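Both ligands and their constituent atoms are indexed starting at 1 by order of listing. Source: prediction; values computed, not measured.
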Amino acid sequence: MIPLLFSSVLAGLLALLLYQRTVYPFFWVDLIYYLKLRRYGKSLQARMKSGIITYLDCFLHQARKNPNKPFIIFESQTLSYRDVDRRSNRIANAFRAHGSPGQGDIVAMLMCNEPDFICVWLGLCKLGCEVAFLNNNIKAKSLLHCFRSCGAKTLVVGADLVCLVEEVLPDLKKDNMALWVVDHTAPSEEFTSLLDKVESMSGESSSDLPKVNIMSNFLFIFTSGTTGLSKAARVGHLKAVLSMAFFEMCGATSEDIIYITLPLYHMSASLLGIGGCIQLGATCVLKKKFSASQFWKDCVKHDVTVVQYIGELCRYLCNHPAVPEERAHRVRLAAGSGLRSDVWRQFVQRFGSRIKIREGYGLTEAGIGFLNYTEEVGPIGRAGYFNKLSMPFELLRHDPVSYEAVRTPAGRCIRAQNGEAGILVAPLSAMNQFLGYAGNQVQSEKKLLRGVFKDGDVFFNTGDLLLHDDQDFLYFRDRIGDTFRWKGENVSTTEVSEAVGLLDFIQEANIYGVTIPGNEGRAGMAAIVLQQDHKLNGSELYDHLVKTLPAYAWPRFLRIQTSLDVTETFKQQKVKLVTEGFDPDVSHDLLYFLDVSQKEYTLLTVSLYQDIVNGKIKV
Ligand SMILES: *[C@@H]1O[C@H](CO)[C@@H](O)[C@H](O)[C@H]1NC(C)=O
Ligand SMILES: *[C@@H]1O[C@H](CO)[C@@H](O)[C@H](O)[C@H]1NC(C)=O
Ligand SMILES: *[C@@H]1O[C@H](CO)[C@@H](O)[C@H](O)[C@H]1NC(C)=O
């Protein structure tokens, strides 16, 4: 009797297991990941109860716990957690002795990757300042826009980047901007030197840390150059602290040596990378700039076990000629985002199948994020029951032309079906905060969708198209306004606008795709503002395109604008331009059409337009 019962229970269990494996094959990985997230949430709560709340608190906690552990290795220097703590105290004390900046001030930092980037940043945190990281590829005139938009009154600039600022010195003086240079001497009287003052300061922290509200703003990060003018996204303390879990969630430990080559002014390196390293109490090998030829050499030299990537980085590595070190390293984990599956396959094949890849999806502005934690190639994350439990989100049906969410007659949005790309949106909550863009109410509001499923609900609109398949995998499809497809290829608007922007007679180029009846995808169009006193030189533009871009990326149409309308946000403007297309009757600007046989742009007349629309002229 007993054995019979036993065996039927066993058979039942087996059947259940088989059922689960066929119908919910990812049940266990999903559950384990969910529990891991929960465990992390619990430990975060416990830590916060004991007073370790902010990014800075976490750092100070590690500095107390592991003072002698190497934190940053940079070129020939090694700084322990204590070294960085003491140096950031000295920096804070130097600012304090000078009388400014102080608590509540916004300080812009324009520095390359170096240990002092971190020391200055932490020093400013200790003073209670909010920092704004500036992209150091920035052009002088956008610098002013950046300061003004985030409200910074102080700029700290690295010794090697002073030249970037010099061009706009008169304007900075007019704005009463205090200028500090991270050097022992100042290049001119407009600057105050920092390092000479730091040397005579005490390394002790001289006062209590300012009290902070975990829901308040921590820093500003300018979201990367996918749009004409960059926007200062507010990043809250909570988001910063949650970001610190990144490497831990990917499976790294305190024993790991983490190689960071990405620029620290981006969130990935500063919050996920350095923050993730602090969270673990691990060691970071920091590189001034990514170098494909040095990458594996550095990994061998420093015994690196974890690397942080973005998709392009992996592609550069795959395109680089072989070096002996590429198979001699101990790297076991690569964590990052934007890796395409074809590059991933190459990457692992060439650099070692021991390397585990953890692909994530995240945004600077909001809390929503995914991590690819299964062994599947291609998806960026999972959308199962447990995933939505820890991080609610929806994919909404969208209009392929306007890229807006489709609304029912009653004004509600519609969920995209499985297999249909939809706009990723996430309800705002304490865990998914959106603090908006500094000084840009219109643009901030534009990122929100209201009344999505019922009155009063608010969702953050990521602007990304994702696809949810039958197995609950999530795939990245498109970034609205960022890429379009033409002739079966992806055209990156950023890449085209950068290339076109190189020409002397072009001040600004806004690239987008327009639909042509009878054609798949979108043909490239460039809305161009000409440099003052310059004329369009179509044949020069054509020659330049041939030299710099693949044919599918060439703008087929031009639209000459007198100015990019700054009262409208970039996205709004783009949507308007996309909607107006290339119809000369609709647009009030001069339009041109690329005549490849003539190697020239010709004026787009109404009859030419008709011929294109009717398919008499092939594009
Ligand atoms: C997801 O992770 C797996 C295993 O680590 C990897 O094989 C796959 O390439 C990853 N997906 C992407 C898009 O990178
Ligand atoms: C274009 O991009 C999409 C996602 O952004 C990707 O799935 C697809 O493979 C890309 N196609 C080409 C030809 O690069
Ligand atoms: C356009 O540029 C080319 C050189 O790229 C030059 O030879 C030509 O004269 C220019 N045309 C006009 C109208 O300026």
Open item on the list: So that I can tick it off, tell me whether Asp171 and Lys174 are bridged by a salt bridge, with the cut-off set at under 4.0 angstrom between side-chain N and carboxylate O.
Closed with: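 Looking at Lys174 and Asp171, the cut-off is met.
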- prompt: Charged N to carboxylate O under 4.0 angstrom, Arg350 versus Glu326?
  reply: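 The answer is yes: the pair qualifies as a salt bridge.
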Q: Select all protein residues for which some heavy-atom-to-ligand 3 distance is less than 4.0 Å, and list them by chain and number.
A: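 Asn537, Glu540.
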Asn319 CG: over 12 foreign heavy atoms closer than 6.0 Å =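 Yes, because the 6.0 Å sphere around CG of Asn319 holds more than 12 heavy atoms from other groups.
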message = Parallel, tilted or perpendicular, judged at 30° and 60°: which one describes the rings of Phe593 and Phe557?
response =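 Phe593 vs Phe557 ring planes: tilted.
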Would you please indicate yes or no on a ring centroid separation below 6.0 angstrom for Phe582 and Tyr609?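 Yes, close enough.
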Legend entry - Single hit among Glu130, Lys239, Arg234 for side-chain hydrogen bond (donor to acceptor under 3.5 Å, both in side chains) with Asn217: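 Of the listed residues Glu130, Lys239, Arg234, the side-chain hydrogen bond (donor to acceptor under 3.5 Å, both in side chains) partner of Asn217 is Glu130.
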